[in-house]
There are 2 protein chains.
Amino acid sequence: MSTIKDVAKLAGVSVATVSRVVNRSPRTSEKAIKAVTEAMEALSYRPNANARALVSQTTQTMGVLVGDVSNPFFGAMLKSIDLVCRDQGKHLLIGNGYHEADSEREAIEILINSRCESLVIHSKGLSDEDLTKFCKEVPGLVVINRQLDEVPERCISLDNYKGSYLATEYLLNQGHRDIAYICSEHDIEDADSRKQGYRDALAAHGVSPQEHTIAYGYPDEQGGEKAMRDLLSRGVSVTAVAAYNDYMAAGAMACLEESDIAVPEQVSVIGFDDGLISRYMKPRLTTIRYPIQPMAEQAARLALQLAQGSSPESSPHVFVPTLVKRNSVKPLTQ
Amino acid sequence: MSTIKDVAKLAGVSVATVSRVVNRSPRTSEKAIKAVTEAMEALSYRPNANARALVSQTTQTMGVLVGDVSNPFFGAMLKSIDLVCRDQGKHLLIGNGYHEADSEREAIEILINSRCESLVIHSKGLSDEDLTKFCKEVPGLVVINRQLDEVPERCISLDNYKGSYLATEYLLNQGHRDIAYICSEHDIEDADSRKQGYRDALAAHGVSPQEHTIAYGYPDEQGGEKAMRDLLSRGVSVTAVAAYNDYMAAGAMACLEESDIAVPEQVSVIGFDDGLISRYMKPRLTTIRYPIQPMAEQAARLALQLAQGSSPESSPHVFVPTLVKRNSVKPLTQ
DNA sequence: GGCACAAAAGTAAACGTTTACACAGCATGT
DNA sequence: ACATGCTGTGTAAACGTTTACTTTTGTGCC
């Protein structure tokens, strides 16, 4: 692969001139531009981004850590981020953490070593302490989907508690009283908050939450199916189910269908996230909208501002979820 | 951000020694290791990947161009690639092309400039000529989802023709004769091949394909809905529909549902891709499986082998699609 | 023609690493 | 006492750019 020196030699000029032509410096003659352009073409010269980054001390790159690119939730997040980056002439280095502490740490370190000046981090595995340390180390780092008490101005998060409260309250307002909750078995903050939102909404409406109406599973379709089966086999009688996320809701619905229990006629189901699949399920899933796109956009902007040292415009850091009414919940009639 | 020199000074050794400790060279004393490790810790030193890449002439990075990260199809592709990369200690630089020639070219150039030694490219916008040129320029570049006549050994692709032939043949075998086709309006090879597969299957079964049973739309749900509406308004009587992809099939089903036409009782529908949503639709979508995961895995391996100059193991470059029977197709009875 | 000044081009240092080579210290064998 | 070999460390060049500074070239004016 040819270098700037090769181009300079072929064009009969110095490397400085080549550099100036490449970077469209105004101090260059037509003649030089022509000679250099032709030489670059002939050698198919590609300026080495690493060398450039080294000397100019900037990479124009945003690093992003996601859980798993194959999950459409992260796909939507990445797209929002990419849109603001492309608008600002930045590009993206992406790491997968697979929700596992060591992978996440390693991925973040790669992003830092690559000198991404801005970072958007979605971590479920690392501790608050670790994340806070990273925040303090790199100024352009923003955490999405987590709330760190020490550095709230670096976090973009969702009020999970409220979302779950909303979901449960909606079921209550539809007349339901026997409401089960399908929870993620992961020991992370958002799972806790969502469960607590469910409990508190119940309590606020005079229904005392009971432990045996809560079932656990891995936060995917299989996990939802398993949790629903658990619930059914415990013999708890239930007219509605709230789930940790849409996938678990889909699993629960599959399980109910297998057991010849009609949704929503016999049992109502409500999800969480409003992900891609919620629109394609039948009945279409009533759920809680997780506004990941505006959140990701905001996180990206914030990271960019922090990275360039400009004081970030004040804007919401905690987003509020909203109810999306579709067809999987029915009022309780009797 | 501190450099290797800072660490060397604090540890009271030379930069060479620091480098050797960082890279776990065997020629280092316990004493040096300890001093350097402590200094690194104290300064929270991060080796600059750009400087490293520059001198060592390798970045350990694979570049990937996808159409749009938010599409689960590309999510699945990226995940497969990431899995083989992480296994080989490489990481990923990702570009979005949004199916647009200029964006694709720009994204590929960024990947090359960043000195990714291996590349997996999914392009719909660029011409065969452009792609072939890129292939010749960088040895570790592999094109997925396209067939380039000049460099077939660099392409991993699917037999689209066969897939569509298979789909249509299945409908024919179920007794259908009036079969419409919903086609992508994009002027790209795979759309053509799929349409031709449909036509040829029809012809092979003595049904002469007619232009007015083919409708066009953007390859998403709205496009499918529009195409189906076109078909209906043309008054063509049809008992089955084959679609360019699952999203268009979903759109078609939505349109049929609105028109009180039962799927699959009155009209059968078959998709293409076997994407995430096909499993969640009701009736669950009969479709053609696009084995993107093994394809992406293979592409990544091939790119890695080509990049390191080892002769690539011979393995399939053209994958064959298969039929996935679910519930959206019914035999024609009468 | 000579001069001042502007424009264009060149020279070389710097960015943060790796690594070939050189060298010091030390144990070993004669 | 001295050559030998081994271990650990240091020195300095190299990677491919950008850019401050310097030098050359060109232009207009008296």
Side-chain angles (χ1 to χ4, degrees), chain A residues 1-40 43-61 89 109-117 138, chain B residues 1-40 43-61 89 109-117 138:
Chain A
M1 183 151 282
S2 53
T3 72
I4 201 172
K5 287 182 196 164
D6 303 322
V7 177
K9 197 172 293 173
L10 183 60
V13 300
S14 72
V15 294
T17 301
V18 177
S19 177
R20 284 189 275 256
V21 171
V22 169
N23 296 294
R24 299 191 158 57
S25 149
R27 296 244 151 312
T28 39
S29 66
E30 286 302 320
K31 194 160 135 279
I33 294 179
K34 183 160 176 293
V36 169
T37 310
E38 283 173 9
M40 289 198 300
L43 297 170
S44 57
Y45 167 68
R46 305 285 183 187
N48 185 318
N50 296 301
R52 252 202 236 235
L54 190 55
V55 59
S56 65
Q57 300 282 58
T58 164
T59 58
Q60 308 288 24
T61 300
E109 279 170 356
I110 288 172
L111 299 176
I112 297 179
N113 291 352
S114 303
R115 296 298 185 270
C116 298
E117 32 256 344
V138 359
Chain B
M1 183 151 280
S2 54
T3 73
I4 200 171
K5 286 182 196 163
D6 303 323
V7 176
K9 196 173 294 174
L10 184 60
V13 299
S14 72
V15 295
T17 300
V18 177
S19 177
R20 283 189 277 256
V21 172
V22 170
N23 296 293
R24 299 192 158 56
S25 151
R27 298 244 153 308
T28 38
S29 66
E30 285 303 320
K31 193 160 136 281
I33 293 180
K34 181 159 178 296
V36 170
T37 310
E38 283 172 8
M40 289 197 301
L43 298 171
S44 58
Y45 168 67
R46 305 286 183 186
N48 185 318
N50 295 301
R52 251 202 237 237
L54 190 56
V55 58
S56 65
Q57 299 282 61
T58 163
T59 58
Q60 309 286 24
T61 300
E109 279 169 356
I110 288 173
L111 299 176
I112 297 179
N113 291 353
S114 304
R115 295 298 185 269
C116 297
E117 33 257 342
V138 359

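Proteins get letters first, then strands, A, B, ... in listed order; numbering begins at 1 in each.
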* Asked: Does the side chain to side chain contact (heavy atoms under 4.5 Å, CB included) test come out yes or no for B/Ile4 and B/Ser19, once each step is laid out?
  -> CA-CA 8 Å; B/Ile4 200 171; B/Ser19 177; 4.0 Å; yes
* Walk me through it: do A/Val22 and A/Val18 pass the test side chain to side chain contact (heavy atoms under 4.5 Å, CB included)? => CA-CA 6 Å; A/Val22 169; A/Val18 177; 4.2 Å; yes
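Here C/dC26 presents its P atom at 12 Å from NZ of B/Lys31, a figure rounded to the nearest Å. Atom C1' of nucleotide D/dG16 and atom CG of A/Asn23 are separated by 13 Å, given to the nearest angstrom. The CZ-C1' distance, from A/Arg20 to C/dT11, rounds to 10 Å in whole Å. Separating the CG atom of B/Leu54 from the C1' atom of C/dA14 is a distance of 12 Å, rounded to the nearest angstrom. Summarising the geometry, the separation between CG on A/Asn113 and C1' on C/dG16 is reported as 12 Å, rounded to the nearest angstrom. Across the protein-nucleic acid pair, B/Ile33 atom CD1 and D/dG8 atom C1' stand 11 Å apart, rounded to whole Å.
In terms of heavy-atom proximity, A/Met40 sits nearest to A/Val7 at CG-CG1, 3.7 Å. Summarising the geometry of A/Thr59 relative to A/Arg115, their closest heavy-atom pair is OG1-O, 2.8 Å, with the distance given to 0.1 Å.
In this model, the phosphate group of C/dT18 is not approached by any side-chain N or O of B/Gln57 to a distance below 4.0 Å at OP1 or OP2. In terms of phosphate contacts, A/Thr17 brings a side-chain nitrogen or oxygen within less than 4.0 Å of OP1 or OP2 of C/dG10. Between A/Ser56 and D/dT19, a side-chain N or O to OP1/OP2 separation shorter than 4.0 Å is absent. Note on B/Ser14: a side-chain N or O is less than 4.0 Å away from OP1 or OP2 of D/dG10. Using a 4.0 Å cut-off, no side-chain N or O of A/Arg52 falls inside it from OP1 or OP2 of D/dG16.
Judged by atom type and distance alone, B/Arg115 does not reach the base of D/dG16 through any side-chain donor-acceptor pair under 3.5 Å.
Screening residues 12-39 of chain B for salt bridge (charged side-chain N to carboxylate O under 4.0 Å, His left out), with sequence neighbours left out, gives B/Lys34-B/Glu38.
Here the nucleotide nearest the side chain of A/Ala16, chosen from C/dT11, D/dG10, C/dA7, is C/dT11. Nearest to the side-chain atoms of B/Ala51 among the listed nucleotides C/dT17, D/dG10, D/dT7 stands C/dT17. Taking only side-chain atoms of A/Ser29, from C-beta outward, the nucleotide of C/dG16, C/dT18, C/dA9 with the closest atom is C/dA9. Ranking D/dG8, C/dA8, C/dT18 by closeness to the B/Val55 side chain, first place goes to C/dT18. With distances taken from any side-chain atom of B/Val15 to the nucleotides C/dT18, D/dT9, C/dG16, the minimum falls on C/dT18.
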